[in-house]
Amino acid sequence: MKRNRLLFISLFLLLMPLILKSQELAVFNQDTLWGYKDRMDNIIIKPQYQFAKKFVDNYAVVYKNDQLKYLDMQIKFPV
């Protein structure tokens with residue numbers, strides 16, 4: 001029983017960085033607007049921002065229509 005638990009914990013700790021990395025979004029620029037892509041280059045949030053920063057702790061700062069806003073990675077909408 002302890003061996004199975006130890007194996008599970010070891011696998012979890014080894015795979016967790018890969019799982020977290022796969023959820024990251026990268027900022028990209030298209031013409032004059034900014035958006036977000038996943039690691040496979042799929043557009044997740046289309047370019048629509050005058051300015052955008054990378055996500056930190058599930059939030060990103062964006063500038064749209066001359067207003068500063070925050071994006072929540074979980075819902076992908078301004079907060």
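Position 1 is the first residue of the sequence; numbering continues from there. Computed from a predicted model, the values in this text were never measured in an experiment.
- Looking at heavy atoms from C-beta onward, Val61 lies in side-chain contact with Tyr70 at the 4.5 angstrom threshold.
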>> The test is side-chain contact (heavy atoms from CB on, under 4.5 Å); show your working for Leu33 and Tyr49 and say whether it passes.
In response: CA-CA 5 Å; Leu33 297 177; Tyr49 303 109; over 6 Å; no

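- Atoms OH and CG, from Tyr59 and Leu71 in turn, are 11.0 Å apart once rounded to the nearest 0.5 Å.
- With sequence neighbours left out, the side-chain hydrogen bond (donor to acceptor under 3.5 Å, both in side chains) criterion links Asn42 to Asp38.
- With sequence neighbours excluded, the residues that form a side-chain hydrogen bond (donor to acceptor under 3.5 Å, both in side chains) with Gln48 are Lys64.
- Considering OH of Tyr36 and CD1 of Ile44, their distance stands at 12.5 Å, rounded to 0.5 Å.
- Within 6.0 Å of the NZ atom in Lys37, the count of heavy atoms belonging to other residues, nucleotides or ligands exceeds 12.
- Nearest heavy-atom pair across Gln30 and Pro47 is OE1-CG, 3.1 Å.
- At a threshold of 4.5 Å between non-hydrogen side-chain atoms, the residues Ile43 and Phe28 count as touching.
- The structure places CH2 of Trp34 at 4.0 Å from CG of Asn29, a figure rounded to the nearest 0.5 Å.
- For the pair Gln50 and Asp66, the tightest heavy-atom approach, listed with the atom from each and the gap, is OE1-N, 3.1 Å.
- Taking CG from Asn58 and CG from Leu25, the interatomic distance works out to 9.5 Å, rounded to the nearest 0.5 Å.
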